[in-house]
Amino acid sequence: MLKAIVTVMLKKGIFDPQGRAVQNGLESIGFDNVKSVRVGKQIEIALDTDDKASADASVHEMCDKMLANPVVESYSFEIKES
Amino acid sequence: MLKAIVTVMLKKGIFDPQGRAVQNGLESIGFDNVKSVRVGKQIEIALDTDDKASADASVHEMCDKMLANPVVESYSFEIKES
Amino acid sequence: MTEKKAEMEEKIWRKAGLTDSEYELLTKHMGREPNTVELALYAQMWSEHCGYTHTRPLFKHFLTTGTRIVQGPGENAGIVDIDDDEVITFKLESHNHPSAIAPFQGAATGVGGIIRDILAMGAYPIASLNSLHFGHPGERGHTRWLISEVIHGIGEYGNCVGVPTVGGEVRFSDAYKGNPLVNAMCVGYMKKSEIKKAIATGVGNSLMIVGNLTGRDGMGGASFASKDLDEENDEDRGAIQVGDPFMEKLLIEACLEVFDKDYVVGVQDMGAAGILSSSVETASKAGNGVEIDVALVPKREEAMRPEEVMISESQERMLLIVKKGTEDKVNQIFHKWDLHAVVIGQVTDDGMYRVLEDGKTVGEVPVWSLMDAPTYILDAEEPAHLAETMKFKNEDVEVPADLNDTLLKLLASPDICSKTWVYRQYDHRVQMNTVVKPGSDAAIVRIKGRDKAVGITMDSNGRYCYLNPKRGAASIVAESARNQVVSGAEPIAITDGLNFGNPERPDVYYQLEQSIIGLSDACRALNTPVIGGNASLYNQTPEFGSIYPTPIIGMTGLVKSLDHVMTPEFKDAGDFIIMLGETKDELGASEYLDRIHGLVSGDVPELDLELEAKSQQYVLEIIRKGLVKSAHDVGDGGISVALAESCIQGKLGADISLDVDVRDDSLLFGETQTRFMLSVSEDNLDAVIDLAAEKGIEAAVVGRVNDNTRITVNNNNKKLIDISLDACADAFNTAFDKLMKTSN
Amino acid sequence: MKWGVLLFPGSNCADDCFHVIDKVLGQPVTYLWHKDTDLGDVDAIIIPGGFSYGDHLRPGAIAHLSPAMTSVKEFARNGGLVIGICNGFQILTESRMLPGSLLQNQGLKFLCMDQTLKVDNADTPFTSAYESGDVIVCPIAHNEGNYYAAPDTIAEMEANGQILFRYCNPDGEVSNATNPNGSVNSIAGIINKYGNVVGMMPHPERSSDKDLLLSDGKGVFVSMLKHLEAKHTES
Ligand SMILES: Nc1ncnc2c1ncn2[C@@H]1O[C@H](COP(=O)(O)OP(=O)(O)O)[C@@H](O)[C@H]1O
Ligand SMILES: [Mg+2]
């Protein structure tokens, strides 16, 4: 059993209104050293396999096909034993 | 400059419909070794400080006050140089 | 790289999207060669999207004035009078290209953009609608993804910004497979005294930018929208704008608060070509010049070049022209809403458009020349397919053996079936003015505190326009107006969205020109002037070709009293059903031919605009007199579908018998124009029939509403349809859900 | 009897609530601003629906930390009537003034429709105009209305009669089939232990104006008014 931890974030340069709202929110309650905030998704996928290489390939494919929209998002992931 | 990477997930035991939908979606396009999926948030916070200890304390406080709702969510974070 | 491409790239103006002759013209205007900033200004302002280079000459056909018209085309949105010194303003806008690439954001920012047009008029946005066209889902998971993302995007934006989405349409044809259409419409309300204009008067007055920060979003969107959708656009993809409805909501509140004061002389929203087009347009209207310092523009990104700042399409921004000396007061109000209002330049008296960076001039061209985009009258040639499709005869198809089954298939057709799946995702009740929610013929939105309301509709029929652009386009206006009158509204005016393929193709230009003529004819006959619109050309892909010619009509009407509000569902068993209008042997262009026989062929049904106007006046009159219990137009799918819809929504059965000498399928499914189906109580039957006779309208009492849960249709004593209400309801109500669930 | 409608950036239904109190109930009403801690002399507070702070992060996550909410808590501690509708309910759970939390709808879609509700407890200041068991029509419009609380919390609330409304079908039957969003026990609205703070996802204000052909929700405001008037004559 392996576990893939996929992180999907808006690409750099693409406006992240959620991040900005969180930043303003944090500032308004007194956190004054916040330079910037970006909010993305973390997707944890439990995989029924022990083969890291094939898991790697298939998670890549999942990201390209479904988990991230390459027009606006970029992704990264790591694969762990679980 | 430090960067906090905060992960907020629904607590174990709370049904995650989004995770289920992603899992179904992945299955429908042919990924048949997906055991389960959970979807959460990743929040990247750039902090205007170099003091790791104080950063740690303040990110803890951010999470408790705003970034996570302890009734349904758990959080974890790490602090990196950026 | 092909040789042709290499050649294209050597000339910088070509890369910017300008032709050799356009380049020559602009150097003549300037009296010298432009620098990169200046070239970018022309490239944007002279694109089809901003300059209407191909459509402007055709607008002369439109009727644009009338007794209720306060503002015709030329402002951010048109304005019509709804009595009592109150007006409504409305417009539609396409977001086809962005939605094809990033459907969620593309559709969302489309909603946001049109709301700002309405806000720029000084109005409070009271309703949103959308017209959507997709390829058939089912075969390609991609299409289902597009549909669900577009609808999600519209919902997220509209719901958050707090403007109810009260109606629209969703239509399907493979003509839209590669190039979906997403047109959004918004309606605003204000008092006559509150009207604002997009004008930069008063030399020395300040230009202030309000709302969002400026980033590299939608870079070149205006010229991008004026190109084909093809593989080259991969690099344009970084350009996708992200909408922030929360910001927009604050912008609405803050702007309206500022408008209440006496600080603002002009307002313009920032749409295509951002700061540039908004400021050029306001300056040109006043005959003034402007100067803008890009260094003063609050930015989200670093190291932006001057031309990037000028043409950025970052969302949720507006330009205000404010009286000198009131800047701080304006800023205070925006500050209250956690927004900024920043002076970026001023109105000048020299007629020049001057771009500065840190006080240094980096571009300077005459304002008029930017507004003076060259226009093109191109060759028109009848599309080749018409010779073939016009040959269609009804005899080419057989009457289906099982008419009950045919009716069920039509009720489940994605064009006809219930769109609850769609509008359940839209908040259609916020603001508490929605009297008739989506699912009826027209949405009815009341004016709070008054005994009146507006009817709002959006309609199109690409198939009709493909088969007969002129009559097809006229039919859409007629249908829209029919939807208004059956809802108790008197049609007032329209806004049009011209969605077409590449106008440089003679057959597409023909479609464009003929559609505009058809629209214009109908608008004259029905007295619904055109008060604004939008053009989206180049809707085609190499893989799927050109879209159907798809003019989309947004119409508003006035409901003079809430007592006049009418809906299509049958109300009570025992009521009489009345058919208005003659039924002809017309199958051409119908949904039935398309869905059942797989034929997109034939001519569109005849349309007698004089009869149409007369019939509509009659229907409105009997509704206003309180003689009618339900009213529905007969549209897609013909009499049987109209009947079934009134039954399904009223949860009642009906039994009708006609007496018409046409084929069974023409009778049941044909789309002869200018027909209505009413239900009236026994008490009012004579009054309705007598008035019809008086007005020369064909009216037949065809049957009654009942509560025995079946729908039956007879013609010439032959039973054609005998089906359970439940079966019809199931087909109609579940089709869209099924469509979105089928996996491929 | 003065009512306050608390306004956050992104509140959408504030004007609607104001309209109902002002025009339908005919009572004095004022807006309260999220940045102010002074609530003035209001006798009841409505936290309206909408998307405070764009619903970014979680609905209510940013709003509940605003200065006005500190005062609202104080107001409630002193027995004042507070009702949170839709986003207002979310803000009240985020601020822990009400137990539980509102998760995303199980169907993952925003849902706007006219919903039937069963009145579960008509013996409160917010529901006295109804009878227990009444079925009313009250529109819903939300993306995060899936009420969740830990099982022991739910058991306690059920035992205390803290459930005010449940989603049901037009015949008043409560079942999974009539639960639009996945809420535990079809919960649509709840009240706190002390009986003065209510949160509900459905919009009673949207069914309070007969011109819109819906008026079942008006009972909520009428009940509150009755309670306030009774309290007023007592003192
Ligand atoms: N995209 C949409 N958004 C909102 N409402 C929609 C949408 N599509 C269809 N509707 C609503 O569904 C109902 C039926 O639409 P349609 O079949 O196009 O009506 P008609 O043929 O009378 O013009 C209308 O009330 C319309 O407003
Ligand atoms: Mg209709």
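Letters A, B, ... are given to chains in the order of the sequence lines, protein chains preceding strands, and every chain is numbered from 1. When reading the values below, keep in mind they use all heavy atoms of this one structure, side chains included, and skip hydrogens, waters and symmetry mates.
Minimum heavy-atom separation, A/Cys63 to A/Phe77: SG-CD2, 4.3 Å.
When the candidates A/Arg38, A/Lys65, A/Gln18 are compared by the number of heavy-atom contacts under 4.5 Å with chain B, A/Arg38 comes out ahead. Counting heavy-atom pairs under 4.5 Å between each of A/Leu67, A/Ile29, A/Leu26 and chain B puts A/Leu26 at the top.
Heavy-atom distances place both the backbone and the side chain of B/Glu61 under 4.5 Å from chain A. Heavy atoms closer than 4.5 Å to chain B are found in both the backbone and the side chain of A/Met62.
One finds the CE atom of A/Met1 at 10.0 Å from the CG atom of B/Asn33 (value rounded to the nearest 0.5 Å). The OG atom of B/Ser36 sits 9.5 Å away from atom CZ of B/Arg20, with the distance rounded to the nearest 0.5 Å. Atom CD1 of A/Ile79 and atom CG of A/Leu2 lie 6.5 Å apart (nearest 0.5 Å).
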- [ ] Show your working on side-chain contact (heavy atoms from CB on, under 4.5 Å) between A/Asn24 and A/Ser28 and close with a plain yes or no.
- [x] CA-CA 6 Å; A/Asn24 291 345; A/Ser28 77; over 6 Å; no
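Residues of residues 3-12 of chain B lying under 4.5 angstrom from chain A, judged on non-hydrogen atoms, are B/Thr7, B/Met9 by number. Interface residues of residues 41-51 of chain A toward chain B, defined by a heavy-atom distance below 4.5 Å and sorted by number: A/Lys41, A/Gln42, A/Ile43, A/Glu44, A/Ile45, A/Ala46, A/Leu47, A/Asp48, A/Thr49.
Among residues two or more places apart in sequence or in another chain, the salt bridge (charged side-chain N to carboxylate O under 4.0 Å, His left out) test is passed with A/Lys52 by none. Residues meeting the ring pair (Phe, Tyr, Trp, His ring centres under 6.0 Å) test with A/Tyr75, sequence neighbours left out: A/His60.
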